[in-house]
Peer 1: 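Before I ask anything, here is the structure I am working with.
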2 protein chains.
Amino acid sequence: MDVKVIQNCCEPVLVETINASEADELAAAFKVLADPTRLRLLSLIANSPSGEACACDLVDPVGKSQPTVSHHLSILADAGLLAREQRGKWVFFTLVPERVAVLRDALAMG
Amino acid sequence: MDVKVIQNCCEPVLVETINASEADELAAAFKVLADPTRLRLLSLIANSPSGEACACDLVDPVGKSQPTVSHHLSILADAGLLAREQRGKWVFFTLVPERVAVLRDALAMG
DNA sequence: CAGTCATATCGACGAGCGTCAATATATGCG
DNA sequence: CGCATATATTGACGCTCGTCGATATGACTG
């Protein structure tokens with residue numbers, strides 16, 4: 001919570017809540033959400049009645065090539081937002097709500 | 001809320017919650033948060049005791065050049081996350097909590 | 001084992017973005 | 001007016017990223 005006193009144009013104020021490395025981490029997390037294709041993938045999976053979705057079912061709705069969808073799913077899984085489970089020939093993805101909650105809580109400044 | 005039926009490898013599922021344009025909008029909003037410098041600026045302003053901060057006081061803590069800070073503040077203001085108010089020679093920025101809440105609510109999938 | 005289907009990886013291209021130095025604009029002061 | 005200060009704009013550079021086609025890996029089937 002390191003807090004510093006800095007001289008400004010009017011009067012000294014207390015500042016600094018998140019440091020540089022915390023900001024880097026958070027920014028990287030939000031960067032994962034900063035792509036429409038990834039948001040649609042998250043939405044598709046989150047709203048699937050079974051709570052999971054196979055990668056093969058996500059290519060068409062998203063309207064991107066299979067390699068692109070695979071790429072985005074990897075990014076989402078690496079970020080911890082999706083859990084990956086291989087079942088035979090198929091790969092199923094599930095939302096990780098706790099991880100989503102971390103980002104939601106980071107926006108608790110208002 | 002347009003819902004479509006799509007044939008998958010196992011059985012038909014109901015999918016599609018956010019459409020392409022909604023995803024574009026949301027992604028653009030998250031893209032604004034996907035930068036460490038902008039996050040630190042938001043944090044500095046949000047945690048300022050007066051609730052506002054003058055641009056001149058944000059350059060040093062952030063450790064970037066004045067044009068860079070000005071650039072990021074413009075992006076945050078254009079995104080509606082910051083309110084801009086000119087007072088004499090200085091420009092003061094305030095957090096717009098309602099706008100932050102919009103993004104927080106978008107993460108209500110968990 | 002050969003073939004098929006699902007997924008992942010590779011390589012390349014183009015667009016977008018963060019950053020800075022230099023400069024412009026604008027506001028206040030003497 | 002002329003100078004100092006605060007902020008915005010411009011132009012350029014380098015890097016990252018989303019996308020695709022081609023191809024590789026891997027898993028089941030007959």
Side-chain angles (χ1 to χ4, degrees), chain A residues 6-11 20 23-42 44-45 52-79 82-94, chain B residues 6-11 20 23-42 44-45 52-79 82-94:
Chain A
I6 294 188
Q7 182 65 34
N8 70 348
C9 60
C10 318
E11 46 175 323
D24 284 345
E25 264 184 62
L26 244 190
F30 280 125
K31 197 173 299 184
V32 175
L33 297 178
D35 179 86
T37 303
R38 287 197 284 272
L39 288 179
R40 297 188 72 188
L41 287 171
L42 281 179
L44 285 166
I45 296 168
E52 64 181 10
C54 146
C56 62
D57 296 328
L58 297 169
V59 174
D60 278 4
V62 150
K64 295 291 161 70
S65 73
Q66 177 270 323
T68 296
V69 173
S70 175
H71 177 233
H72 286 307
L73 288 171
S74 289
I75 290 177
L76 288 167
D78 289 349
L82 291 182
R84 193 193 123 100
E85 184 196 350
Q86 180 130 13
R87 278 211 296 273
K89 194 162 44 173
W90 299 288
V91 178
F92 288 80
F93 290 91
T94 318
Chain B
I6 294 188
Q7 183 66 33
N8 72 345
C9 60
C10 318
E11 47 174 323
D24 284 346
E25 265 183 60
L26 244 189
F30 280 126
K31 196 172 300 185
V32 175
L33 297 179
D35 178 86
T37 303
R38 286 197 286 271
L39 287 179
R40 296 189 72 191
L41 288 172
L42 281 179
L44 286 167
I45 295 168
E52 64 181 10
C54 143
C56 61
D57 296 327
L58 297 170
V59 173
D60 279 2
V62 149
K64 295 292 162 68
S65 72
Q66 177 270 325
T68 297
V69 173
S70 175
H71 176 232
H72 286 308
L73 287 171
S74 288
I75 290 177
L76 289 167
D78 288 349
L82 292 182
R84 193 193 124 98
E85 184 197 349
Q86 178 129 13
R87 281 213 291 278
K89 193 163 41 173
W90 299 289
V91 178
F92 288 80
F93 290 92
T94 317

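Quantities reported herein were computed from a predicted structural model and do not represent experimental measurements. In the text below, chain A, chain B and the rest are named by the order of the sequence lines, each starting its count at 1.
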Peer 1: Would you tell me if any nitrogen or oxygen in the side chain of Thr68(A) comes within less than 4.0 Å of OP1 or OP2 on dG18(D)?
Peer 2: no
Peer 1: dT19(D), dT9(C), dA21(C): which one has an atom nearest the side-chain heavy atoms of Lys64(A)?
Peer 2: dT19(D)
Peer 1: Quick one: His71(B) NE2 to dA8(D) P, roughly how many Å, whole number?
Peer 2: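 One finds 12 Å between P of dA8(D) and NE2 of His71(B), rounded.
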Peer 1: Measure from CH2 on Trp90(B) to C1' on dA8(D) and round the result to the nearest Å.
Peer 2: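 In whole Å, dA8(D) C1' lies 18 Å from Trp90(B) CH2.
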Peer 1: Please pick, from dT7(D), dC20(D), dA8(C), the nucleotide with the shortest atom-to-atom distance to any side-chain atom of Arg84(A).
Peer 2: dA8(C)
Peer 1: Is it the case that over 12 heavy atoms from other parts of the model lie below 6.0 angstrom from the CD atom of Glu85(B)?
Peer 2: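 Atom CD in Glu85(B) is crowded, with more than 12 foreign heavy atoms closer than 6.0 Å.
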Peer 1: Rounded to the nearest angstrom, tell me the gap between atom CG in Leu33(B) and atom C1' in dC17(C).
Peer 2: 16 Å
Peer 1: When all nucleic acid strands are considered with a 4.0 Å heavy-atom cut-off, which category describes Arg87(A): base, sugar-phosphate, or nothing?
Peer 2: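 Since no nucleic acid heavy atom lies under 4.0 Å of Arg87(A), the category is nothing.
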Peer 1: Starting from C1' on dC17(C), measure out to CZ on Arg38(B) and report it in whole angstrom.
Peer 2: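 It is 9 Å, rounded to the nearest whole Å.
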Peer 1: Any base atoms under 4.0 Å from His72(A), or only sugar-phosphate, or nothing? Heavy atoms, all strands.
Peer 2: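 Here His72(A) touches the backbone only, sparing every base.
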Peer 1: Measure from the side chain of Lys89(B), starting at C-beta and using heavy atoms only, and say which of dT5(D), dG18(D), dA6(C) lies closest.
Peer 2: dT5(D)
Peer 1: What's the closest nucleotide to the Lys31(A) side chain, out of dG18(C), dT9(C), dC17(D)?
Peer 2: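 The nucleotide sitting nearest to the side chain is dC17(D).
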Peer 1: Taking only the side-chain heavy atoms of Ser70(A) (C-beta and beyond), determine which of dT7(D), dA8(C), dT7(C) contains the nearest atom.
Peer 2: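 Within the option list, the nearest is dA8(C).
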Peer 1: Any idea which heavy atoms bring Phe93(A) and Ile45(A) closest together, and the distance?
Peer 2: O-CG2, 3.5 Å
Peer 1: May I ask you to say whether Arg84(A) pairs ionically with Glu52(A), meaning some side-chain N is under 4.0 Å from a carboxylate O?
Peer 2: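 Looking at Glu52(A) together with Arg84(A), the answer is no, because their closest N to O distance does not fall below 4.0 Å.
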Peer 1: If I take atom CD1 in residue Ile75(B) and atom P in nucleotide dA8(D), what distance separates them, rounded to the nearest angstrom?
Peer 2: 12 Å
Peer 1: Has the side chain of Gln66(B) got a donor or acceptor atom sitting under 3.5 Å from an opposite partner on the base of dA8(D)?
Peer 2: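 When only heavy-atom distances are counted, Gln66(B) does reach the base of dA8(D) through a donor-acceptor pair under 3.5 Å.
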Peer 1: Please report the distance, rounded to the nearest Å, between CG in Asp57(A) and P in dA6(C).
Peer 2: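 So the CG-P distance, Asp57(A) to dA6(C), works out to 10 Å.
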Peer 1: Any base atoms under 4.0 Å from Gln86(B), or only sugar-phosphate, or nothing? Heavy atoms, all strands.
Peer 2: sugar-phosphate
Peer 1: Classify Thr37(A) by what it touches in the nucleic acid, base, sugar-phosphate, or nothing, heavy-atom distance under 4.0 Å.
Peer 2: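 Sugar-phosphate contact only - Thr37(A) comes under 4.0 Å of backbone atoms but never of a base.
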Peer 1: Whole Å only: how far is the CG atom of Asp35(B) from the P atom of dC15(D)?
Peer 2: 17 Å
Peer 1: Rounded to whole Å, how long is the line connecting atom CD of Glu85(A) with atom P of dA27(D)?
Peer 2: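 Distance, rounded to whole Å: 15 Å.
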Peer 1: Please check this pair: side chain of Ser74(B) against backbone of Ser70(B), looking for a donor-acceptor N/O pair closer than 3.5 Å.
Peer 2: yes
Peer 1: Where do Ala53(B) and Leu58(B) come nearest, in terms of heavy atoms and distance?
Peer 2: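 That closest heavy-atom pairing would be CB-CD2, 4.1 Å.
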